[in-house]
Amino acid sequence: MSKKNISASKTVDFIDSQVAGVADSLRFFENQLQNFRSANKIYNLSSESSSVYERLIEFENQLTQEKFKRNYYRNLKTYLTSENYSEVIVPSGIGIEDPS
């Protein structure tokens with residue numbers, strides 16, 4: 001029983017030393033990877049792509065709003081040049097908050 005305990009203890013010690021060596025190697029390579037990413041400006045693409053996608057959606061919404069405003073102002077110009085003021089829609093009535 002004593003021999004088995006000694007053998008098991010040596011086996012556990014050997015496995016612990018191997019795990020410690022692998023853990024050290026992993027930490028070393030992880031640090032090298034982080035340094036490489038920092039030096040080469042490599043980012044987490046999945047989080048970056050979702051951030052870019054959200055910004056793209058915001059810009060598309062702003063573009064749609066600006067196109068809507070442009071069409072309104074073109075129609076307003078047509079109404080004003082034809083002096084047909086009965087059909088003019090007030091800008092604030094359709095959500096345009098431009099004071100000028």
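Throughout, residue positions are numbered sequentially from 1 according to the sequence presented.
When atom types are taken as modelled, the side chain of S38 and the backbone of Q34 share a donor-acceptor pair closer than 3.5 angstrom. No donor-acceptor pair closer than 3.5 Å links the side chain of S7 to the backbone N or O of K3.
One finds the CZ atom of F59 at 4.0 Å from the CZ atom of R55 (value rounded to the nearest 0.5 Å). The line from CG of N71 to NZ of K67 is 9.0 Å long, rounded to the nearest 0.5 Å. Note that CG of L33 is 11.5 Å distant from CG of L26, once rounded to the nearest 0.5 Å. Of the inter-residue distances, the one linking Q65 atom CD with N61 atom CG reads 6.5 Å to the nearest 0.5 angstrom.
With S9 as the fixed residue, the side chain to side chain contact (heavy atoms under 4.5 Å, CB included) test singles out one of D13, V12, I6: D13.
Note on R27 versus E30: no salt bridge recorded, every NZ/NE/NH1/NH2 to OD/OE distance being 4.0 Å or above.
R70 CZ: more than 12 foreign heavy atoms inside a 6.0 Å radius.
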